[in-house]
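One structure below.
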Number of protein chains: 2
Amino acid sequence: MEILVKKSRKQQIEEKATKLFREKGYAATSMRDLAQVLGIEAASLYSHIKSKEEILQKICFRMADQFFAAWKEVEKEQGSFSAKMEKAAIAHVKVITKDTDASAVFFHEWRHLSEPHLSEFLMMREDYEGRFKTIIRNGIENGEFEKVDEKFMMLTILSSLNWTYNWYKPTGSLRPEEIGKQLANLILNGLKK
Amino acid sequence: MEILVKKSRKQQIEEKATKLFREKGYAATSMRDLAQVLGIEAASLYSHIKSKEEILQKICFRMADQFFAAWKEVEKEQGSFSAKMEKAAIAHVKVITKDTDASAVFFHEWRHLSEPHLSEFLMMREDYEGRFKTIIRNGIENGEFEKVDEKFMMLTILSSLNWTYNWYKPTGSLRPEEIGKQLANLILNGLKK
DNA sequence: CCTACCGATCGGTAGG
DNA sequence: CCTACCGATCGGTAGG
């Protein structure tokens with residue numbers, strides 16, 4: 001049973017903008033494009049929002065907040081570093097699959113943020129990536145993981161997790177939790193029998 | 001010893017454009033930006049190129065050609081499917097690391113291609129992805145690989161290989177061949193000891 | 001949420 | 001490779 005909540009005009013604007021930013025890119029999306037999708041004039045958008053970039057900021061920082069919020073689940077895991085990595089993969093994939101449009105914008109369009117937002121964004125990303133690196137480092141020191149370059153490994157793991165925004169379909173057979181588990185399994189155990 | 005070859009103006013334009021397209025995105029890069037970097041007027045660019053999109057087309061299809069050319073090395077491999085996958089990873093990473101700017105544009109800006117180039121591009125990508133899927137499928141049928149969804153696995157593998165454009169530095173300690181080997185090793189055997 | 005409009009900038013052309 | 005310029009479009013504002 002689906003509950004229909006009436007969306008505010010502002011919410012509608014942000015949703016449609018997210019979709020357009022994903023499809024055409026932030027720079028190539030005009031406020032007139034956005035207005036047309038909503039059936040209003042471009043000038044009318046400014047009754048609800050301050051600027052085009054404000055929309056981008058909302059999308060990027062809301063996604064960032066969700067990644068950090070999801071990490072709380074990871075911190076509860078007290079088992080092995082493999083178990084921690086699996087929890088991190090699941091948490092990460094869950095956030096992405098909840099809104100693949102916003103995720104696409106988050107991953108690709110952040111560079112159009114102006115200062116000081118750009119610097120803030122990059123600092124948050126560094127913080128988040130550091131958490132994955134810490135799991136890898138601790139797992140290596142512990143003897144649980146192979147000796148690999150932790151930055152190299154972190155980037156490789158995150159790239160495969162991040163890529164889910166590109167092919168995940170809510171109508172598909174794999175649930176987000178299952179996708180996270182399978183990706184963690186690949187990362188930890190590999191494709192070979 | 002480095003051999004300095006005099007670059008044609010057209011080559012210079014394409015190189016600078018590649019860098020700008022990567023940094024700012026295709027849509028956000030103006031012909032005036034590009035002209036300024038070259039120290040000429042925007043109108044002068046059109047003595048050497050037909051249009052802004054022509055530059056994007058050159059970048060995207062040149063990269064595609066290189067990925068296909070590199071695949072010839074993969075076809076020579078007559079060993080196991082693991083060996084084939086390693087060869088594919090090395091070939092793929094070699095192409096990316098040869099020009100990370102062009103790779104970034106190839107991965108992110110292709111959607112700004114107009115028809116019929118866009119359709120042609122997507123067909124080539126599908127062909128290329130199919131080759132990875134075939135290795136995976138054959139490896140599973142052969143009993144060499146775990147039973148996984150081949151599309152899911154192909155996308156995951158390619159995402160981790162593709163991501164190298166983002167962090168590879170020619171001055172770093174890892175050579176492209178070594179990066180390909182390590183990524184293949186992770187894909188095949190995982191992080192766990 | 002609209003009409004009317006702003007200055008700035010866009011990709012590109014004409015003609016030399 | 002330049003000057004001079006085109007029509008189109010941009011993000012955004014004033015005033016209702």
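Note that the structure is a prediction, hence the values are computed from the model and not measured. Hydrogens, waters and symmetry mates are skipped; everything else that's a heavy atom, side chains included, is used.
- For B/R32, whose side chain is taken as the heavy atoms from C-beta onward, the closest listed nucleotide among D/dC5, D/dC2, C/dC1 is D/dC5.
- Annotation for B/E53: atom CD counts as buried by contact number, over 12 foreign heavy atoms lying within 6.0 Å.
- Nucleotide C/dT9 holds its P atom 18 Å from the CE atom of B/M31, rounded to whole Å.
- D/dG12 atom P lies 13 Å from atom CD1 of A/I13, rounded to whole Å.
- Distances were taken from every side-chain heavy atom of B/Y46 (C-beta onward) to each of C/dC2, C/dG11, D/dC10; the shortest belongs to C/dG11.
- Checked against D/dC10, D/dC1, C/dG11, the side chain of B/K52 finds its nearest nucleotide in C/dG11.
- A donor-acceptor pair under 3.5 Å is formed between the side chain of A/S160 and the backbone N or O of A/I157.
- Judged by distance alone, with hydrogens and angles left aside, the side-chain atoms of A/K52 form a donor-acceptor pair with the main-chain N or O of A/T29 at under 3.5 Å.
- The side chain of A/S44 lies closest to C/dC1, out of C/dC1, D/dC1, C/dG12.
- If you check every strand for non-hydrogen atoms under 4.0 Å, B/A43 touches a base.
- Separating the NE2 atom in B/H108 from the OG atom in B/S103 is a distance of 10.0 Å, to the nearest 0.5 Å.
- Per the geometry, CD1 belonging to A/I40 stands 15 Å off C1' belonging to D/dG11, to the nearest Å.
- Here A/S30 reaches the OP1 or OP2 of D/dC10: one of its side-chain N or O atoms lies under 4.0 Å away.
- Nucleotide D/dG15 is matched to C/dC2 when pairs are restricted to Watson-Crick or G-U wobble geometry with both distances under 3.5 angstrom.
- Looking at B/D33, its side chain does come within 3.5 Å of a backbone N or O of B/S30 through a donor-acceptor pair.
- Nucleotides of DNA chain D nearest to B/H48 and A/A42 differ in position, and the one nearer the 5' end is that of B/H48.
- The residue A/S47 sits close to a base: some heavy atom pair falls under 4.0 Å.
- The distance from atom CD of B/E54 to atom C1' of C/dT13 is 16 Å, rounded to the nearest whole Å.
- With C/dC1, D/dT13, D/dC2 as the choices, the nucleotide that has an atom nearest any side-chain atom of B/E41 turns out to be D/dC2.
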